[in-house]
Student: 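Mind looking over this structure? Questions follow.
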There are 4 protein chains.
Amino acid sequence: MASRRSSTTRGAGGRPRDPHIDEAVIAATLEVLAETGYPGLTLEEVARRAGTSRPAIYRRWAGRARLALAAIASRLDVPAPPDTGCTLCDLAEGFNVFLAAYRTIRPDVLSSLYAECAPDPELQARYLETVIEPSRRAVGETLDRAVARGDLRPDTDREQLLDVFGSLVHYRALFGRRHMSDTEAEKVVETLLHGVAVDYPALLARSEALEQAHPEASTAHHAHPSAS
Amino acid sequence: MASRRSSTTRGAGGRPRDPHIDEAVIAATLEVLAETGYPGLTLEEVARRAGTSRPAIYRRWAGRARLALAAIASRLDVPAPPDTGCTLCDLAEGFNVFLAAYRTIRPDVLSSLYAECAPDPELQARYLETVIEPSRRAVGETLDRAVARGDLRPDTDREQLLDVFGSLVHYRALFGRRHMSDTEAEKVVETLLHGVAVDYPALLARSEALEQAHPEASTAHHAHPSAS
Amino acid sequence: MASRRSSTTRGAGGRPRDPHIDEAVIAATLEVLAETGYPGLTLEEVARRAGTSRPAIYRRWAGRARLALAAIASRLDVPAPPDTGCTLCDLAEGFNVFLAAYRTIRPDVLSSLYAECAPDPELQARYLETVIEPSRRAVGETLDRAVARGDLRPDTDREQLLDVFGSLVHYRALFGRRHMSDTEAEKVVETLLHGVAVDYPALLARSEALEQAHPEASTAHHAHPSAS
Amino acid sequence: MASRRSSTTRGAGGRPRDPHIDEAVIAATLEVLAETGYPGLTLEEVARRAGTSRPAIYRRWAGRARLALAAIASRLDVPAPPDTGCTLCDLAEGFNVFLAAYRTIRPDVLSSLYAECAPDPELQARYLETVIEPSRRAVGETLDRAVARGDLRPDTDREQLLDVFGSLVHYRALFGRRHMSDTEAEKVVETLLHGVAVDYPALLARSEALEQAHPEASTAHHAHPSAS
DNA sequence: TGCTAAGCGAGACGGTACGTCCCGTCTTAAT
DNA sequence: ATTAAGACGGGACGTACCGTCTCGCTTAGCA
């Protein structure tokens, strides 16, 4: 993640930055994040460990969140899209792609960090681009290939599926309920590919019949009457 | 949410607590949360608005997170499980059940709050019980009914499906990518019920064939289910 | 010099101050003043040496100047008015009374401190009361006694004389031109008592004659014409 | 006040200095001094107002104090020695000579500035030469003329008297106790010329008698002059 | 009914970290 | 060669808030 100056101005006049400080600060940041998590990430402490001062950090990153993002970005590498020809395997592997970030960085750090990024649109975008988009792009390619190969239906909602991948991994990493194992990944993939309905067309027909009987019920925020 | 003393000590001798303070603090907390989000939730500010002092708050709730949880709990009401007999509609409605919390409380507040709760198991449990479990229970009932009705396959993984519900809603509310509309909810439900594969058995067969040919090439630690 | 709280409120509720901190801060202040002078008096450094924090100092004294004044006041003791019956000796000794402050505290410290106090009337008053007034009062008594004794003329301008004492000591201590020795003190006293005119009445008469000739010259800010 | 380079180096090769900056900086300095006093004299602010940069100032003056001295010197003009033939009037006017500096420049500025100059001998000398010496020289001439004229005793201590003038003006300007009016100046002059003793020889005699009776009782280190 | 002690309310404390101002210096580009 | 100007690294500032301690008062339960 680029520092403030080099991303806004081309290397104009003025004393150049000491690159050792950049490195030391990023390293100190990762260290503190690993030890004490995001709430313990104090610019004071980072400066102390990096052997520099708070203003030097502010000159590079406009606040705690951006510093953390920069540090994290420096450790996450762009994932390769799974591509074995086996759609089932590739999709299961897709979960691992999303999981990579949570294995590299403590999930609670990502969670806290995102919480701090959320209110600021620009920050939020930066977070997504750093932590989530690379995985989406990789697995997105995998999906495209599967569709092209004729394994998935052509009208498959790409983004929706990616959301399911991303959200599930995030959710489980976060709420720590169960960590996403390969076995579970495959079970989810099975569900997504196969569906859970015994007889989907019948369910669809029933739904449409109901809808015609009570057309007003199709509006948003509706509540279905308890009677059938 | 009960205050600390009334849940630990029986009302022994001494000056009784002023119940107006409890109310005023909860109200002030919700006010501040609504205005400035969780990072802006300062005990100082809450005390100021509630017309009381910080120690009075500490005496009731052991910290910011517990206070916020108490305040939030006082506003969330237990959702009723959707039950119209139409599985498709019920499940789509299930998303609204999960969404309710995010509509009542700012999503970024929930996110930040959880981030603060995560490190402490007891706090995390309290968060889950307050914010997530009620929805899971409600939609869980709906799922059970659908299985009992024969609409869903008997081996449907209940928790997995609830995770998809919960995580998707959380993810979208949080990352604000697209807000979860009823239409989208129905599309997701369709995917879950119907699956996205063109020919699932063929995919499964291919996967197994590949695995037997190159057992080492498959991802580590996974085992394909043998049943269709 | 009293700390802020104890001088404004009577010991109301709240946690009482740690008196060790008061002492440690005053001691550290004097230490720093002695080592590095007033410009080197950093609250940061004082806090460091006193083993406390900056806010703890601010809670006691509203800024660097007040802290320095308090520290200085704690070291200056009220001088006794010289009283030997020998007017000449007493007055010469009066210079030592004024000098005491400059011997206890580095003159440059006093000078810098006053420079910082000057713009704020309240601070200025506090400085005067702390550093200068005690000497004025003491030597004032000596003067009064000399007048009562009939040694000085009854219409002697008490404040004017004290100003000469105070200003000369201040001036010499400050500008370090010559340090005020006892010998010099006596020479000044001689001047003040005896005057430097060869024939004062004659000078006075001449002045009055001139004034009558050019009455407009007596106005303030006048410039005497070069012609006699 | 000459800038650094032109006084040390002869105009060697290289880019010539922009003389507008010199002027602009001096003007900005006086402006800031007038508005916010010496503590508010920030090189940052001066550079801002002068439309230049801090290094440009440092290149010309080695620090805040020298800059301020240069700016002040550019505004103070050399006073003419009072010379009307009327010793009383001339001496009273002498106070105005000393006062001129304090009327041109805010007294608190002079005080603060001197405080900053004091520790550095070279700087101190420069301050004295700029602010004080011109007045001393002027009034010194006046004194010499009065002695020559036979109005003052030949053994009058020239420097001592000048100190009284300078210190009193400084003291009153600074401590703002009473501003030095012409009337007061005349009263002081009267004191200096005439003395305040009722019978000086008697006082002197008494002092010497006491000293012979109790030589140890006299203050340490002083020696009474033997001459009258 | 009066006494005692438990517990409450509020204020203030000691301290951490914040974000900013300014200093004095270094570096590049221009003259 | 030296200037002008921008930016750097860093010291210190004054403040917000945290979590805790202390006080005086209120109240319930016991004598």
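All chains are named by letter (A, B, ...) in the order of the sequence lines, taking the proteins before the strands, and each is independently numbered beginning at 1. This is a predicted model, so every value here is computed, not measured.
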Student: Please report the distance, rounded to the nearest Å, between CZ in A:Arg64 and P in E:dA17.
Tutor: 11 Å
Student: Got a second to check how far C:Asp120's CG is from D:Asp108's CG, nearest 0.5 Å?
Tutor: 11.5 Å
Student: Check the distance between E:dC18's C1' and A:Leu67's CG and give it to me in whole angstrom.
Tutor: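 The answer, rounded to whole Å, is 15 Å.
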Student: So do the side chains of C:Tyr127 and C:Leu69 get within less than 4.5 Å of each other, counting heavy atoms only?
Tutor: yes
Student: Separation of C:Ile57 atom CD1 from E:dT16 atom C1', in whole Å?
Tutor: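 The answer, rounded to whole Å, is 15 Å.
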Student: Which ones in residues 23-31 of chain A lie close to DNA chain E, meaning a heavy atom under 4.0 Å from one of its atoms?
Tutor: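 Those residues: none at all.
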Student: Is a side-chain N or O of D:Arg54 found less than 3.5 angstrom from the main chain of D:Leu43, in a donor-acceptor match?
Tutor: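 No; zero donor-acceptor contacts below 3.5 Å.
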Student: For DNA chain F, whose closest nucleotide is more 5', that of D:Pro55 or that of A:Pro55?
Tutor: D:Pro55
Student: Is any side-chain heavy atom of A:Glu45 closer than 4.5 Å to a side-chain heavy atom of A:Thr36?
Tutor: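 SC-SC contact between A:Glu45 and A:Thr36 ruled out.
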Student: Let me check the geometry of the helix from E:dT1-F:dA31 to E:dT31-F:dA1. What is the bend angle between the axes at its two ends, five pairs each, to 10°?
Tutor: 0°
Student: Just compare E:dA10, E:dT25, E:dC18 and give me whichever is closest to any side-chain atom of B:Arg59.
Tutor: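 The nucleotide sitting nearest to the side chain is E:dA10.
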Student: From E:dG24, E:dG15, E:dA10, pick the nucleotide closest to the side chain of B:Thr52?
Tutor: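 My answer, after comparing the listed nucleotides, is E:dA10.
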Student: Ignoring hydrogens and geometry beyond distance, is the side chain of D:Arg54 in donor-acceptor contact with the base of E:dG24 at under 3.5 Å?
Tutor: yes
Student: I need the CH2-P distance between B:Trp61 and F:dG19, as an integer number of Å.
Tutor: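 For the pair B:Trp61 CH2 and F:dG19 P, the rounded distance is 16 Å.
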Student: When the distance from CD1 of C:Ile21 to C1' of E:dG15 is rounded to whole Å, what number comes out?
Tutor: 9 Å
Student: Hey, does the Lys NZ or Arg CZ of D:Arg106 hover above the aromatic six-ring of D:Tyr38, less than 6.0 Å from the centre and inside 45° of the axis?
Tutor: no
Student: Of all the heavy-atom pairs spanning D:Trp61 and D:Ile26, show the shortest one and how long it is.
Tutor: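 Reported closest heavy-atom pair: CZ2-CD1, 3.8 Å.
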Student: Spell out, as yes or no, whether a donor-acceptor pair under 3.5 Å connects the side chain of A:Arg17 to the backbone of A:Ala56.
Tutor: no
Student: Please check the phosphate of E:dG9 (OP1 and OP2 only) for any side-chain N or O of B:Arg60 closer than 4.0 Å.
Tutor: yes
Student: Under a 3.5 Å distance rule, please check whether B:Ser111 uses its side chain to pair with a backbone N or O of B:Pro107 as donor and acceptor.
Tutor: no
Student: Between the main-chain N or O of B:Ile105 and the side-chain N or O of B:Arg75, is there a donor-acceptor pair closer than 3.5 Å?
Tutor: no
Student: Below 4.5 Å, heavy atoms only, C-beta onward: do A:Leu110 and A:Ile72 meet side chain to side chain?
Tutor: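 Yes - at least one pair of side-chain heavy atoms lies under 4.5 Å apart.
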Student: Closest nucleotide of DNA chain E for C:Ala56 versus for B:Pro19: which of these residues is on the 5' side?
Tutor: B:Pro19
Student: Report the distance from atom CG of D:Asp18 to atom C1' of E:dA30, rounded to the nearest whole Å.
Tutor: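 Rounded to whole Å, this separation is 13 Å.
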Student: What nucleotide among E:dT27, E:dA12, F:dG9 has an atom nearest to a side-chain atom of C:Arg15?
Tutor: E:dA12
Student: Residues from residues 34-49 of chain A sitting under 4.0 Å of DNA chain F, heavy atoms only?
Tutor: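 Within residues 34-49 of chain A, no residue comes under 4.0 Å of DNA chain F.
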Student: When you match B:Gly63 and A:Gly51 each to their closest nucleotide on DNA chain F, which lands nearer the 5' end?
Tutor: A:Gly51
Student: A:Tyr58 OH to E:dC22 P: how many Å, rounded?
Tutor: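 Going from OH in A:Tyr58 over to P in E:dC22 covers 18 Å.
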Student: Expressed as a whole number of angstroms, how long is the span from A:Arg17:CZ to F:dG6:C1'?
Tutor: 12 Å
Student: I want to check something: taking the side chain as every heavy atom from C-beta on, are D:Ser112 and D:Glu116 in contact at a cut-off of under 4.5 Å?
Tutor: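 Not in contact.
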Student: With the side chain counted from C-beta on, respond yes when D:Val25 and D:Leu67 share a heavy-atom pair under 4.5 Å apart, and no when they do not.
Tutor: yes
